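Everything numeric here is computed off the predicted structure, so don't read it as measured data. Throughout, protein chains are lettered first and strands after them, A, B, ... in sequence-line order, and every chain is numbered starting at 1.
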Protein chains: 2
Amino acid sequence: MVNSVVDRDWKQHLRSQGYRLTPQRQLVIEAVEELGHATPDDVLRHVRQRAHGVNASTVYRTLDLLERTGLVTHAHLGHGAPTYHPGWSPPHVHLVCRHCGRIDEVSPELATDLVDGIRRQKDFETDVGHLTAFGWCSACRTVER
Amino acid sequence: MVNSVVDRDWKQHLRSQGYRLTPQRQLVIEAVEELGHATPDDVLRHVRQRAHGVNASTVYRTLDLLERTGLVTHAHLGHGAPTYHPGWSPPHVHLVCRHCGRIDEVSPELATDLVDGIRRQKDFETDVGHLTAFGWCSACRTVER
DNA sequence: TTGATTGCAAAGCCTTTGCAGTTCT
DNA sequence: AGAACTGCAAAGGCTTTGCAATCAA
């Protein structure tokens, strides 16, 4: 699950950009790695299971910083809070079920035609890793409607 | 810009579902029609240019009701507030520029392969009208980076 | 040592809710 | 008349900010 190269290097990665390595930052990075698609609140709760007294604003500031340095990315998956993933996880298209809220992923290759078409028609460069499809998963479709 | 059939019928549409026709609702519908991609706040400001004393909570409640009855739809286009469009406007894929925030649209036909692929791989039914692509528009790409 | 970082508390958006008064039908 | 609807004010999520204390390097 963990990319070993990045795992070895992220401390250095932060330092090389002039940032410090704090226990809080370490915990936040670990949380993002382990949780997969985590909201700031998910991260906060996860971090607090391992260390006491970590503050919400620290989590927000840290996620922000990690994103600026490329260690994490976020996507907007609906009304609520954004979700964060490790920055080195391969880009993927998100699938969000309208009914159960479950999040799934597919390869961005499926979106090749769409991305090309958008570029041709609008000269717009799509960030495939932030493409989000809302809809209904198979489980929810068989239960209701 | 306005679909005449719906325009003629939306009053009846509301009444038939047991809802009332109020000046506020009329103003909100008009605002959504005229604004295109409007946040609740956009709608509120537009409405207040025409009538005084309209309250924010009324706008929220009205947008909610209009959405439940199918007269408007909303999409999540980033961190901020959702944006509302007329429910009868043809579904479209949204393009959101990361830099200038401008919103554009393309035909959902471009997403046919993606939608099919998602259905095949995950048995997931995509709501094409809520497909959002984040990226960079041509204007912003030529200016910076 | 010293500038980056944190915790805390307060404030800021955006949105929802309860309620009493108003209005549509 | 009676139910639907509105305005108002308060509260609720999520996030940001200012500041003094703390800590990594």
Quiz prompt | Approximate separation, where rounding is to 0.5 Å, of A/Ile29 CD1 and A/Leu63 CG | solution =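 Here the rounded value is 10.0 Å.
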I'd like to know if the side chain of [X] and the backbone of [Y] have a donor-acceptor N/O pair within less than 3.5 Å.
{"X": "B/Glu67", "Y": "B/His74", "value": "yes"}
{"X": "B/Arg15", "Y": "B/Leu21", "value": "no"}
{"X": "B/Arg50", "Y": "B/Leu27", "value": "no"}
{"X": "B/Arg102", "Y": "B/Val96", "value": "no"}

Quiz item: How bent is the helix from C/dT1-D/dA25 to C/dT25-D/dA1, comparing axes over its five end pairs at each side, to the nearest 10°?
Solution: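 Result, rounded to 10 degrees: 30°.
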Would you mind reading off the distance between [X] atom [atom1] and [N] atom [atom2], rounded to a whole angstrom?
{"X": "B/Gln17", "N": "D/dC5", "atom1": "CD", "atom2": "P", "result": "11 Å"}
{"X": "A/Gln24", "N": "C/dA4", "atom1": "CD", "atom2": "P", "result": "17 Å"}
{"X": "A/Asp42", "N": "D/dG13", "atom1": "CG", "atom2": "P", "result": "16 Å"}
{"X": "B/Arg25", "N": "D/dT6", "atom1": "CZ", "atom2": "C1'", "result": "9 Å"}
{"X": "A/Leu21", "N": "C/dT6", "atom1": "CG", "atom2": "P", "result": "10 Å"}
{"X": "B/Leu66", "N": "D/dT6", "atom1": "CG", "atom2": "P", "result": "10 Å"}
{"X": "A/Gln26", "N": "D/dA24", "atom1": "CD", "atom2": "P", "result": "11 Å"}
{"X": "A/Leu63", "N": "D/dT15", "atom1": "CG", "atom2": "P", "result": "10 Å"}

Quiz item: When you check the phosphate oxygens OP1 and OP2 of D/dA24, does a side-chain N or O of A/Thr22 lie under 4.0 Å from one of them?
Solution: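 For D/dA24, neither OP1 nor OP2 has a side-chain N or O of A/Thr22 closer than 4.0 Å.
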Quiz prompt | Residues forming a ring-ring contact (aromatic ring centres under 6.0 Å, His included) with B/His46, sequence neighbours excluded | solution =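 Expected list: none.
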Quiz prompt | Contact state string [nucleotides 13-23 of chain C, B base, S sugar-phosphate only, - no protein heavy atom under 4.0 Å] | solution = -SBBBB----B
Self-check item: Donor-acceptor side-chain pairing of A/Thr39 and A/Asp41 below 3.5 angstrom
Solution: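 Note: A/Thr39 and A/Asp41 side chains miss the donor-acceptor criterion.
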Practice problem: Return the set of residues passing side chain to side chain contact (heavy atoms under 4.5 Å, CB included) with A/Asp113 (not counting sequence neighbours), or none when no residue passes. | Solution: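 If we apply the side chain to side chain contact (heavy atoms under 4.5 Å, CB included) test to A/Asp113, skipping adjacent residues, the hits are B/Asp113.
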Quiz item: Can you name the side chain to side chain contact (heavy atoms under 4.5 Å, CB included) partners of B/His130, sequence neighbours left out?
Solution: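 Once residues adjacent in sequence are excluded, the partners of B/His130 under the side chain to side chain contact (heavy atoms under 4.5 Å, CB included) criterion are A/Arg98, A/Phe134, B/Thr73, B/Asp127.
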Quiz prompt | Path from B/Leu65 to B/Val47 over hydrophobic side-chain contacts below 4.5 Å | solution =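 Per the 4.5 Å side-chain linkage, B/Leu65 and B/Val47 are co-clustered.
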Quiz item: Between residues 43-53 of chain A and DNA chain D, which residues have a heavy-atom gap below 4.0 Å?
Solution: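 Within residues 43-53 of chain A, no residue comes under 4.0 Å of DNA chain D.
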Quiz item: Looking at B/His94, B/His85, B/His37, which one forms a side chain to side chain donor-acceptor pair (under 3.5 Å) with B/Glu105?
Solution: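 Exactly one candidate clears the test, B/His37.
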